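The model shown is predicted, which means the values in this text are computed figures rather than measured ones. Residue numbers begin at 1 in each chain, while the letters A, B, ... track the order of the sequences.
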Amino acid sequence: MDQFSMQRKEMDDLTVLYIEGYLDAHTAHQFEEALRKIIEEGRYKIVVNFSRLNYISSAGLGVFMGVIEEVRSNGGDIKMCCLSDKVFRVFDLLGFPALYDIVKTEDEAIQKFRDAQEKAPE
Amino acid sequence: MDQFSMQRKEMDDLTVLYIEGYLDAHTAHQFEEALRKIIEEGRYKIVVNFSRLNYISSAGLGVFMGVIEEVRSNGGDIKMCCLSDKVFRVFDLLGFPALYDIVKTEDEAIQKFRDAQEKAPE
Amino acid sequence: MPRKTEQFLLVTPSDSKNLVLIRDLVGKIALRAGFPQDYVDKIQLAVDEACTNVIRHAYPRNRRGDITVRIGVDSRKLKVEVIDHGKGFDVQAVLAKDVNHRLNELKRGGLGIYLMRMLMDEVRFDVKPGKETRVEMVKYRDLRETDEQKALQKKLIEKSHTLRR
Amino acid sequence: MPRKTEQFLLVTPSDSKNLVLIRDLVGKIALRAGFPQDYVDKIQLAVDEACTNVIRHAYPRNRRGDITVRIGVDSRKLKVEVIDHGKGFDVQAVLAKDVNHRLNELKRGGLGIYLMRMLMDEVRFDVKPGKETRVEMVKYRDLRETDEQKALQKKLIEKSHTLRR
Ligand SMILES: Nc1ncnc2c1ncn2[C@@H]1O[C@H](COP(=O)(O)OP(=O)(O)O)[C@@H](O)[C@H]1O
Ligand SMILES: Nc1ncnc2c1ncn2[C@@H]1O[C@H](COP(=O)(O)OP(=O)(O)O)[C@@H](O)[C@H]1O
């Protein structure tokens with residue numbers, strides 16, 4: 001009966017968060033906690049992999065809105081990959097594709113971070 | 001959304017009916033029709049294979065009660081095999097194991113018909 | 001495990017195609033409330049039997065009524081009420097039929113109420129003919145087969161042996 | 001496809017853990033009524049959003065109320081009503097906030113009602129503060145995106161481009 005679960009992977013300064021199941025007002029706080037923990041560790045380059053996410057409601061979308069400012073103001077970003085058509089449609093309805101990098105594969109998301117690094121090396 | 005389905009196999013004078021899914025008051029009439037059709041064809045040696053049946057209510061059990069007399073009075077029988085523990089428990093609660101041959105495998109059910117034939121050849 | 005009673009209510013048309021909706025909802029609530037799978041199976045079947053009776057017996061063919069299922073869960077038990085507003089029936093007469101009668105009638109049913117009583121810890125009927133028929137069933141979290149249930153089944157099995165051809 | 005309206009009613013405690021029960025029931029009814037999967041997805045999400053609002057906004061923290069979901073299906077449409085008996089809200093004020101405001105507020109939500117209006121063909125609110133808040137949503141079997149829905153989204157997308165860093 002576990003509706004929602006997550007897994008985390010680290011690659012250098014990059015964190016990939018895999019989310020699975022149903023992300024609604026009931027499970028959104030688990031997701032928010034996981035994101036906040038990553039941010040508190042000072043890791044601001046985050047890829048969220050949606051490949052196993054079946055469902056998202058505005059409560060799940062709100063989690064992104066709630067942390068994105070902090071992440072970006074620290075030179076990071078949240079990039080999203082591997083959304084099913086169904087989940088993408090919800091993002092699309094809300095104009096998220098203009099606000100976030102939403103890409104097809106995890107590699108593409110990672111490459112976006114690498115490209116940005118090359119353009120603006122610290 | 002198909003809750004219940006069936007498949008039929010013929011071996012000489014024996015008919016095996018495979019039932020699958022949920023057998024309740026909604027689907028019982030489909031099952032009853034299939035059994036009646038077999039009987040109308042004059043085929044009275046019937047094995048019902050439960051291996052893919054997930055659920056049975058008294059409406060499903062009632063189907064057996066409704067045809068067994070006709071089947072047996074024509075020298076046949078309905079033997080049942082491959083019940084899950086859950087489905088067997090319902091049969092057991094109602095004392096069916098004393099009224100019907102309920103066996104573990106399809107081979108055993110078939111063998112029971114063959115043994116009976118040898119003992120009482122026509 | 002909820003401290004207070006949590007109440008759920010489902011009303012559907014009295015149609016056999018809705019049995020699956022009712023079973024699914026009741027099953028999810030029971031499982032989530034921490035009942036073990038074999039209890040969940042029993043609760044689902046008992047509720048199915050009560051609802052099947054509403055579908056088959058409560059309303060005349062030309063007037064489709066409703067089935068109301070009320071579920072309450074607390075730290076000790078799950079209670080389900082199955083309610084219809086149909087013609088009702090003579091509970092005493094039905095319950096008075098002993099195992100003997102029941103088995104002789106097996107061909108044409110008569111198993112539902114017996115199953116409900118075997119599967120649940122408490123089964124009560126409250127019939128106000130033409131107004132409301134209510135079946136109330138309780139399953140406790142930690143209670144295995146009662147002596148009454150064992151005795152009922154023993155009688156049935158003895159009887160069925162004598163009926164066996 | 002039912003000729004007359006078939007009515008279903010589900011009442012659960014106003015708790016986010018019940019969203020999954022509500023979505024599952026509504027989804028099964030819509031699917032069985034012959035709605036295509038993408039419509040079923042939209043109906044489920046719209047109902048989830050309306051129920052999430054009840055859970056988040058309708059009742060004070062110390063008083064848990066109920067969510068009532070009423071579903072009606074007929075040959076033309078599916079209608080869902082989500083009802084609470086909480087504090088209500090000023091519908092005009094909320095609807096008056098244009099896309100501009102909405103996007104500036106994205107950080108803290110404000111997406112639910114917008115989504116409901118995008119996903120369903122008709123959305124109506126009926127608020128009797130302190131008594132009953134009712135959201136009525138209709139999805140027709142054969143109606144694709146309305147012009148209003150297209151215009152709403154166009155405005156939102158234009159706005160979000162200007163907000164993009
Ligand atoms: N909700 C109900 N409304 C009217 N009659 C009922 C109802 N439930 C049970 N009954 C009566 O009780 C009898 C016994 O029910 P049951 O043990 O479930 O067996 P069956 O339904 O197979 O006859 C039914 O035949 C019916 O006359
Ligand atoms: N059932 C309700 N009871 C009370 N207030 C509500 C209800 N539904 C919506 N509202 C009000 O409408 C506002 C907008 O809702 P919505 O667009 O879903 O966004 P959000 O819930 O994220 O604020 C809410 O903030 C709330 O004030």
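Here CG of C:D41 is found 9.0 Å from OG of B:S84. Values are rounded to the nearest 0.5 Å. Interatomic distance, C:D48 CG to B:S57 OG, rounded to the nearest 0.5 Å: 4.5 Å.
C:L19 approaches B:H26 most closely through the heavy-atom pair CD1-N, 4.3 Å. What you find for C:L45 and B:Y55 is that their closest heavy atoms are CD1-OH, 3.4 Å.
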Exercise. Would B:R89 and C:D38 count as a side-chain contact (heavy atoms from CB on, under 4.5 Å) if you check the C-alpha gap in whole Å, the side-chain angles of each, and the deciding distance to 0.1 Å?
Worked result: CA-CA 10 Å; B:R89 246 177 267 135; C:D38 61 325; 4.0 Å; yes

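Proximity of C:M118 to B:L94: side-chain heavy atoms (C-beta onward) are nowhere separated by under 4.5 Å. Within the 4.5 Å cutoff, no side-chain heavy atoms of C:T52 are placed close to those of B:D24.
More than 12 heavy-atom neighbours from other residues, nucleotides or ligands sit within 6.0 angstrom of NZ on B:K86. When the shell of 6.0 Å around CD of B:Q7 is examined, it contains 12 or fewer heavy atoms from other residues, nucleotides or ligands. Heavy-atom neighbours of B:F91 CZ from other residues, nucleotides or ligands within 6.0 Å: above the threshold of 12. Applying the 6.0 Å contact sphere to CZ of B:R52 captures no more than 12 heavy atoms from other residues, nucleotides or ligands.
Comparing C:Q37, C:E49, C:R56, C:Q44 by how many heavy-atom pairs each has under 4.5 Å with chain B, the most go to C:E49.
At a 4.5 Å heavy-atom cutoff, the contact between C:L119 and chain B is made by side-chain atoms alone.
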